[in-house]
Amino acid sequence: MSLTFIGLPLLLWSLNDLPQRTALKDSISVLTIIAFSLMLGQFFLARTSKNILKDYNLTKALKIHKLIGYIFVPILLAHPFLIIFPRYFEAGIEPKEAFITLITTFESPGVILGIIAWCLMFILGVTSLLRNKLPIKYKTWRVIHGILSIMFILIATRHAIMLGRHMDRAMSICMSIMAAGGILLLLKTYILKSSKIEGGTNE
Amino acid sequence: MTIKQINGCIGCGICVQTCPTDVIALDPKTKKAFIKYPADCQICHLCRMYCPVDAITISPEKSIPVIVSWG
Amino acid sequence: MNKSSENTDISRRKFMTLAGGAVGIAALASLADNKSWAANESNIDIDKMQYQENQTDVLVIGGGMAGLFAAVKAHDAGTKVMLVSKGRLGASGQTPFAKGIFAYDPANAKMSLDEFVNAVSRSALGTNNPVYTKQMAEHSLARVNELRQWGFFDSPLYYNSFNKPIKQRNIPIQERIVITHLIKENGKIAGAAGFSLDQEKIHIYKAKSVILCTGAGGFKPNGFPICDLTHDGTIMAYNIGAKVTGKEWNDGHPGQMTNPAACFDGWHGMFERKPDTTGIGIRHDLGVDQNYSSYINGNPGSTQNGNTEMGPGLRPQNHSSGGPYRPIEFQESGPPGGRPGGESGNRPGGDRPGPGNNFGPPAGAPDMDFPPPGDRPDGNSPAGFGPPDQGRHPNNRSDDKHPGKGGHPGPRGISVGGSSAGMAIHKSEGLVPINEKCESNIPGLYAAGDALGSYMAGAIYTQIGSSLAGSAVQGAIAAEAAAEYCKTIEMPVITKAKISKVQEEILAPLKRQIGYGPAWVTQTLQGIMIPNFILYIKKENLLKAALAYIEELRDHHMPLLRAADMHELRLAHETANMIISAEMKLKASIMRKESRCSHYRLDYPDIDDNNWFAWINIFKGDDGTMKFEKQAFGSWPIS
């Protein structure tokens, strides 16, 4: 698992012919790529993998799922700020101005998708944190979580492919396959296991 | 290659306006900036410094032969 | 479910194709650049070309330091003003790279205003116009204070601080419009015309008055950030009868041998610095000293591993053995940053002793008075990414902050000549002023900054940081004069015939079925004007030989320039301007049979005050040919 969702993107990152940047900038890039890749991996670290995991391992997988969520969702939420962060240390436009330009470039569908994905991820994060305090049943929450996840990953992957600095052909294919695989797996789980909620999954 | 690559462009168009020698253009379809006239780049780095997402990479070599007076 | 994965996949494929397409276009474009005589593969439908008329009282052309103040002050004087620029406000011409601005503060200055003017005049060997020298110093502090209010000193990038006063006043501004023509009706200025780089559109501007803030120009030389400056304003004005001066003077900046075209790298991070102010520091620099030395002795850098004591600076290696004359008082000033004896300035940050610390910013690197590449003792890393606080420090106004930085910029490299080829010393070339108000001989036409041949600093580089200050001061002066002029006249009428003629001329390269590629013609021009010390160590025969080639370009290439798109249309017009300027430079250089300041004739190496205590004015005769006249130093034009 970790080999696929950490190793593969890292390998692709190291293979692409992008110019080297400062250590800070490259670290931020790597962190963001891994964080996003792990989001794709979340689809496989869930009930979706029940068939291949034993019950004990499933519990463990869900724990990891939570852990990854709590660590890497905030990183991705910070991702728009991380892009402009290095500007604090170099001459150029002010970071604040860069950020405002960044989130107001509505001519670009990629930016709009990014903002939507950011909001979805924010909702995913909050509803996960407050799951026990929400007045809904666990199973309902799970369905909502699944639907939100699919919406998020579709939009976020598209956003990443459209705008990602490191999105060369290999990285795009890799991310697309991972996303498609994750969504398929999730949909398959729901459709096979609980036919009741089938209607809600198709976007 | 002078101005070399644009990666992670969000299509704000500031580099297009900022380039004194009109090297960069926005692709109407992808909505992204691309290097249209690399031979005219004077390697001044204004585009890079104005870019909000630091998407532009510039190298010091000129893409066309350079004429100097003596050296 | 398949649908969703397909979705992602399609967008990916679509993206890859388009990205590939973009690369393809770039490759094609660069190939096309090198074609000389070829069919014009234009994809522009001339019949669909749009047309827009604009009207204003004062039209300011150019968005640099002079243009900024021209627009702001014309507005404040109560006129309707519009600013139009080939690039973006504060990000085109030489302004974005000029980092030092002179401020004469009478409260702290160690010299009186008159003493200052006299010292500049002594260094300039009479070539300066003391009225403009004094005007610059007198108003510099007021302009600097305004700039400070607008945030100019807070960022290495000038767009925001320039835009602030423009926005506050709601001054209309049009960017990325290439002005190609000034329009004259009934002997007076009536407007201008040009085209947009972003749309297929012709712009006509009707105006009572025009202020040219178009900078000077070069032959798109490598290593100096002036590739967008191609003498446009000067030649446009020349074409409607304005007098032009200063074409024999030369900026003698060297470049660096490694990657000579990389002007950012050549200035070792200076472009990333925030601007700051400079105090009095008068020199006699950036002429032909180092060029002469290299001509006589060979490139000094190449025998010393590029690690000369001064770096490949401008200090003459063999100064006493002939070559350009340097007044004794300014001998020590050698390379910029050196201090003329005893006058160590009144910089707010305190004095810095001695001439040892050459090129320390801001003393040496201010202005467009770039230090020679590789000669910045406290520079940033050559890679361009400076230390974190570089240029971001809230208060790096004075040089005493920098020396502590220590770190040498790294390999200094060997220098090469001609990095600013085609450009004269700041403010020594451009329109001839008929008075102290930046007014040209064409009623209603004013110029400010490097577009005005004000001789504010003379024909040699004198006061550090004065170039930027002078542009600000002259912009304001020209604006007030233009505003005053506007009150006296009605809005001029531009005839239909004139408009269609101008339109025809603008579009001609686009309409040409077959012709010369402008980039190729420019390269040919560079090949004639840059090598062989043509501009630096002048000899009659060589100048005449170059002139024969330039006249060939003028007669047989200029009329046949082609353009496939708006970018090439710009190149075509710029190339034509450079050809005319090259002709002016060569002819003026042949005419001035003496050596003085930044004009050096190997065949007339001495100063000749009897015959040449005069500037050379150039104008278009009634027969369309280039005419020349002398104007005594310190006088105004007679007619």
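Order of the sequence lines sets the chain letters (A, B, ...), proteins ahead of strands, with each chain counted from 1. Side chains are part of it too, since the values below use all heavy atoms of this structure and drop only hydrogens, waters and symmetry mates.
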Check: Passes side chain to side chain contact (heavy atoms under 4.5 Å, CB included), A:Arg87 versus B:Asp54? Steps please.
Finding: CA-CA 8 Å; A:Arg87 280 287 192 216; B:Asp54 193 18; 4.2 Å; yes
Item checked: Partner chain B: residue of A:Ile100, A:Thr104, A:Leu18 with the largest heavy-atom pair count (under 4.5 Å) -> A:Leu18
Next item on the list: Please determine, among A:Pro19, A:Gly110, A:Ser108, the option with the most heavy-atom pairs under 4.5 Å with chain B.
Entry: A:Pro19
Check: Is it the case that more than 12 heavy atoms not belonging to A:Tyr138 sit under 6.0 Å from its OH atom?
Finding: yes
Next item on the list: Please state whether the side chain, the backbone, both or neither of A:Pro86 comes within less than 4.5 Å of a heavy atom of chain B.
Entry: neither
Check: Which bit of A:Leu163 is near chain B, if near means a heavy-atom gap under 4.5 Å: side chain, backbone, both or neither?
Finding: both
Notebook entry, point to check: Taking the side chain from A:Arg165 and the backbone from B:Cys9, do they hold a donor-acceptor pair closer than 3.5 Å?
Noted result: no
Next item on the list: To the nearest 0.5 angstrom, please state how far the CG atom of A:Leu102 sits from the SG atom of B:Cys51.
Entry: 9.5 Å
Check: Can you list the residues that meet the side chain to side chain contact (heavy atoms under 4.5 Å, CB included) rule with B:Leu26, with sequence neighbours excluded?
Finding: B:Val16, B:Ala33
Item checked: Nearest heavy atoms of B:Lys31 and A:Glu107, plus distance in Å -> CD-O, 3.7 Å
Next item on the list: Work out which heavy atom in A:Ile84 is nearest to a heavy atom in B:Pro52; give both atom names and the distance.
Entry: CG2-O, 3.6 Å
Checklist line | Option that, when pairs with chain A are counted at under 4.5 Å, heavy atom only, ranks first among B:Ile10, B:Ile6, B:Thr57, B:Ile14 | finding: B:Ile10
